[in-house]
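See structure below.
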Amino acid sequence: MDIVSILVMNGPNLSRLGKREPEIYGNRTLDDINKELADAFTGVSLDFFQSEEEGELLEKLFHCEDHGGYSGVILNAGALTHYSIALRDAISAISIPVIEVHLSNIYAREEFRRTSVISEVCSGVISGFGANSYHLAVHGLTGMLEIE
Ligand code: DQA
C-alpha cells in the first residue's frame, strides 16, 4: 500500500507554544508536538508547516491541492478560526479533507472563541485534548481515508 502523506499546518501564534499561556496550551513546543507525532505515526508521511500569515496558509493549501501530493491536511488555524472567511473559502476551494484541530476546548472559553467559521467546511473537528488533539486528528483522518 502506498504511504499516505498528510500535512500538519499551524497558524498564527502557534510558534509560541511552550512559552505561550502554558496553563491553556501546555508546556510542549510546536517542535516537540511535531516530533511526537512523527514518532507515533511511522506508517504515515507527515510534513509540517507553520505561519503567522493568513496568505501563506492559503497559498500552502492551494499548493497542497495542486502539487503537494497530500491526501489531507490537519489544521490548527489559531485565531483565524474565529474570523477568517478567506481561510474558510480556501478550505472550500480544495478537494482534499481538512481536519480542524485545537489544543484547547474552544467551546469552553471566551464567547468569541466559541464560533468557528471554518468548521462547516472541514471534514472533522477536534478540540480540547491538548497536544493529543493532533494525534486524534491523524487517527481520524487516516481512518477517514481508510488507510489505517
Ligand atoms: C487555538 C484556540 C484559538 O482560539 C487560539 O486563538 C489559538 C489556539 C487552540 O489550539 O486551542 O491560537 O486554536
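Numbering of ligands and ligand atoms starts at 1, following listing order. Not measured: the values here are computed from a predicted model. Scope of the values below: all heavy atoms of this structure, side chains included, with no hydrogens, waters or symmetry mates.
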Sequence neighbours left out, what passes salt bridge (Lys or Arg N to Asp or Glu O under 4.0 Å) with E23? Give chain and number order. none
Between H139 and F41, does the ring centroid distance fall short of 6.0 Å? yes
Between CD1 of I74 and CZ of F48, what distance do you get to the nearest 0.5 Å? 9.0 Å
Any non-hydrogen side-chain atom of E65 less than 4.5 Å from a side-chain atom of S95? yes
Measure and list all N/O to N/O distances between ligand 1 and the protein that fall under 3.5 angstrom.
residue: ligand 1; atom: 4 (O); partner: H82; partner atom: NE2; Å: 2.7
residue: ligand 1; atom: 4 (O); partner: R113; partner atom: NH1; Å: 2.9
residue: ligand 1; atom: 6 (O); partner: A79; partner atom: N; Å: 3.1
residue: ligand 1; atom: 6 (O); partner: R113; partner atom: NH1; Å: 3.1
residue: ligand 1; atom: 10 (O); partner: N76; partner atom: ND2; Å: 2.8
residue: ligand 1; atom: 10 (O); partner: L103; partner atom: N; Å: 2.8
residue: ligand 1; atom: 11 (O); partner: L103; partner atom: N; Å: 3.3
residue: ligand 1; atom: 11 (O); partner: S104; partner atom: N; Å: 2.9
residue: ligand 1; atom: 11 (O); partner: S104; partner atom: OG; Å: 2.5
residue: ligand 1; atom: 12 (O); partner: R20; partner atom: NH1; Å: 3.1
residue: ligand 1; atom: 12 (O); partner: R20; partner atom: NH2; Å: 3.0
residue: ligand 1; atom: 13 (O); partner: N76; partner atom: OD1; Å: 2.8
residue: ligand 1; atom: 13 (O); partner: H102; partner atom: ND1; Å: 2.8

Running the 4.5 Å side-chain criterion over Ile, Leu, Val, Met, Phe, Trp and Tyr, what cluster does L61 land in, apart from itself? L7, M9, F49, L57, L58, F62, Y70, V73, L75, L80, Y83, I85, L87, I91, I94, I96, V98, V117, I118, V121
Taking only residues two or more places apart in sequence or in another chain, which ones pass side-chain hydrogen bond (donor to acceptor under 3.5 Å, both in side chains) with S116? E100, S119
